[in-house]
Protein chains: 2
Amino acid sequence: MAPRAKDNQEGRALLTLRERILGGVLPGGTRLFEVPLAEEMRISRTPLRAAMSRLAEEGLLERARGGGFLVRAFTVADVIDAIELRGVLEGTAARLAAERGVPEARLAEMRALLETLEGCFGAGRAVAFERYAGLNGAFHDALQHLPGSEIIARELQRTKTLPFASPSAFLPDEAAHAAFEHSLFYAQAQHRALVEAISAREGARAEAIAREHARLARRNLDHLIRTKAPGAPISPALALVID
Amino acid sequence: MAPRAKDNQEGRALLTLRERILGGVLPGGTRLFEVPLAEEMRISRTPLRAAMSRLAEEGLLERARGGGFLVRAFTVADVIDAIELRGVLEGTAARLAAERGVPEARLAEMRALLETLEGCFGAGRAVAFERYAGLNGAFHDALQHLPGSEIIARELQRTKTLPFASPSAFLPDEAAHAAFEHSLFYAQAQHRALVEAISAREGARAEAIAREHARLARRNLDHLIRTKAPGAPISPALALVID
DNA sequence: CTCCGCCTGAATGTATACATTACCGCCCCC
DNA sequence: GGGGGCGGTAATGTATACATTCAGGCGGAG
C-alpha cells in the first residue's frame, strides 16, 4: 500500500532540519531555501518540502508570505507565555483527570516515578541534575497522557515541543545548579501533592498545584535572566527543564 | 523570487477539501487517496499533497500510519473537551490581558461590539440568531487578539477552527432557538462583565467569567444532546456558536 | 535627471515518470 | 485446518524537468 519506513528521505531531512534548528545552527528568522538545502542533503526538493511542512506543523517553522519557510523566532516574552500556557494546560489536564477519575494502576505508575525522582536528591549534584531532568520529563509526560482528554493532551504536546533553543547548548552551569537546587525540593513536593490531589479527585486543588508549579519555572527563568550577563544567550529550555 | 498568487492549484485544492470536510461530504475516518482526488480536481498530486499537509496542520486531517491522510474524526467527548479547552484558553488570554493592561482604544472597540450585540435582542428571532452568531464570533476574535500573548492566541485559533462539523448543516431549528434564547441574555451579560473585568485589570475575575462562559456553552450542548432524537446528528458547531 | 518598462535571474509552484513499500490474498507446508 | 511465507498490486515516496511569478537592475525615452 504505502511506505512507512522512517529511514526515507523525508525522515532524514526532518531529523537534520530539526537538529539544526534546535541546535541553533539556523537562528530564528532564517529563510530555508529549497535548492541549496536539497543539494547539500543529496535529496530532491520534494521530500525536503514535505519535511519542512511537517516542521511547520510542529511549530518549528512558519510559512513566509509569498511561499517558503522561515525558522520561527521566539522572544523571551514568548517563552514566558509558553510557561504560562503549559501551566494552564497541565492544570486543566490534572483537573479533568481528577474530576473524571484515573485508574489506580496509572496513579501507582506515577507514584513509582516520584519514588525514582526522590533518588536524585541523594546523589552527586551534577549527575542528579541530569537524571532529575529526564525523570521530570517522564513525570510530566505521564501527567499529560492521563486518561480524560485527548484534545488537551494534543495541545500540551505542541506546547512542550516548542522549539525555543537547544537544550544541550544551554544546560545550566554549576552556579545555576546551586541557585535552582532548593527549587527542586519544592517542585518535587508539588509533584507529590499533584498526584495526591488527582487521587483524591480534588480537581480544583490539582489545577492550582499545576499552576503554581509553572510559576516556579517562571521564577527560575526570571532569576536566570537577571543573573546572566546582558546579551548572553538565555536558555528557554532550561526553564522548562527545571520545573 | 517566488509566486504568492492565492488562486494557485494548492489553494484551490485546499478550499475544495476544507469545504468537503466541513460540509460532511467526507466523514471522519475517510481516507483521502491522492490519485483519484487529483484526477477529479484536474491537478497533479504535488499541490494536492501540499494542501493535505496544510489541512493536517489545521487539524482537519491526520496522518495515517504508513502514509496518507485521514479525515480527523471527533467524538462528542472531544467536542466537550474542546469547549473546556476554549474556556481555559480564553480565560487565560483574558487574565493576561487584564494583568498586562490593554490600550483604552481596544477596550472601546470591544464595548462598541457589545453595543451592536445588544441590538440583536430587539429584532426578529431568527434574524437575530444569525446576527448574534456573527457578532459573537467577532467579539471572541477581538478577545483572542487582545495584546499580551501571541502564543496563547495561536493555540486559541487552532482550537476555534477545529473541524467538528458543518456549521451551516447544523444550524439550530426554531425549537432550539427558543430553548437557548434565555442563555443568550446571560452570555451577553458575561461579555459585558468580561470587558469590565479586563478594563479594571482584575485578572482572576476575567478568567473566571470566561470559564463560566464556556460552561454555558457546555450546558447548551448537553441540552441539545438530551433533546435531540437518539441517533440524530449532533451539532458540535452549534455549541460553539451559542456561547 | 528621472521615470517607466522590459528583461533576466532566482525562487517556489506544478506536472509527470519512476521507485519503493506496505497491505492483502493465495498457496504451500506443517 | 491453521499459520506462515510470498508475490502482486495499489498507493505513496522520490526525482526531475518545466512553468510561473516576483524583484531588482538596466536601459532608453521624455
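These values consider heavy atoms only, across backbone and side chains, with no hydrogens, waters or symmetry-generated copies. The sequence lines fix the lettering, A, B, ..., with proteins before strands; numbering per chain opens at 1. Only a predicted model underlies this, so the values are computations on that prediction, with no experimental measurement involved.
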Taking salt bridge (charged side-chain N to carboxylate O under 4.0 Å, His left out) as the test, write out the residues that go with Arg95(B), two or more places apart.
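Arg95(B) satisfies salt bridge (charged side-chain N to carboxylate O under 4.0 Å, His left out) with Glu84(A), Glu99(B), Glu207(B) only.
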
Only counting residues at least two apart or in another chain, list the ones meeting salt bridge (charged side-chain N to carboxylate O under 4.0 Å, His left out) with Glu34(B).
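Arg45(B), Arg49(B).
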
I need the [atom1]-[atom2] distance between [X] and [N], as an integer number of Å.
{"X": "Glu34(B)", "N": "dT14(C)", "atom1": "CD", "atom2": "P", "answer": "15 Å"}
{"X": "Phe33(A)", "N": "dA10(C)", "atom1": "CZ", "atom2": "P", "answer": "12 Å"}
{"X": "Glu39(B)", "N": "dA11(D)", "atom1": "CD", "atom2": "P", "answer": "11 Å"}
{"X": "Phe69(A)", "N": "dA11(C)", "atom1": "CZ", "atom2": "P", "answer": "16 Å"}
{"X": "Arg65(B)", "N": "dT12(D)", "atom1": "CZ", "atom2": "C1'", "answer": "14 Å"}
{"X": "Leu48(B)", "N": "dG13(C)", "atom1": "CG", "atom2": "P", "answer": "15 Å"}
{"X": "Met52(B)", "N": "dA11(D)", "atom1": "CE", "atom2": "C1'", "answer": "11 Å"}

Test of understanding: with side-chain contact (heavy atoms from CB on, under 4.5 Å), list the residues that count as partners of Ser53(B), not counting sequence neighbours.
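Listed in chain order: Ser53(A), Arg63(B).
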
Under the side-chain contact (heavy atoms from CB on, under 4.5 Å) rule, collect the residues that match up with Pro103(A), sequence neighbours excluded.
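In terms of side-chain contact (heavy atoms from CB on, under 4.5 Å), with neighbours along the sequence ignored, Pro103(A) is linked to Arg106(A), Pro147(A).
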
Tell me every residue that passes ring-ring contact (aromatic ring centres under 6.0 Å, His included) with Phe69(B), counting only those two or more places apart in sequence or in another chain.
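If we apply the ring-ring contact (aromatic ring centres under 6.0 Å, His included) test to Phe69(B), skipping adjacent residues, there are no hits.
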
Sub-3.5 Å pairs of nitrogen or oxygen atoms, protein against nucleotides 15-19 of chain C:
{"from": "dA15(C)", "atom 1": "OP1", "to": "Gln9(B)", "atom 2": "NE2", "distance (Å)": "3.1"}
{"from": "dA15(C)", "atom 1": "OP2", "to": "Ser44(B)", "atom 2": "N", "distance (Å)": "2.7"}
{"from": "dA15(C)", "atom 1": "OP2", "to": "Ser44(B)", "atom 2": "OG", "distance (Å)": "2.8"}
{"from": "dA15(C)", "atom 1": "N7", "to": "Thr46(B)", "atom 2": "OG1", "distance (Å)": "3.0"}
{"from": "dT16(C)", "atom 1": "O4", "to": "Thr46(B)", "atom 2": "OG1", "distance (Å)": "3.3"}

Side-chain heavy-atom pair Leu48(B), Leu17(B) within 4.5 angstrom cut-off:
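Side-chain contact under 4.5 Å: yes.
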
Under 4.0 Å from OP1 or OP2 of dT14(D): is there any side-chain N or O of Arg49(A) that close?
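Checking dT14(D) against Arg49(A), no side-chain N or O comes under 4.0 Å of OP1 or OP2.
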
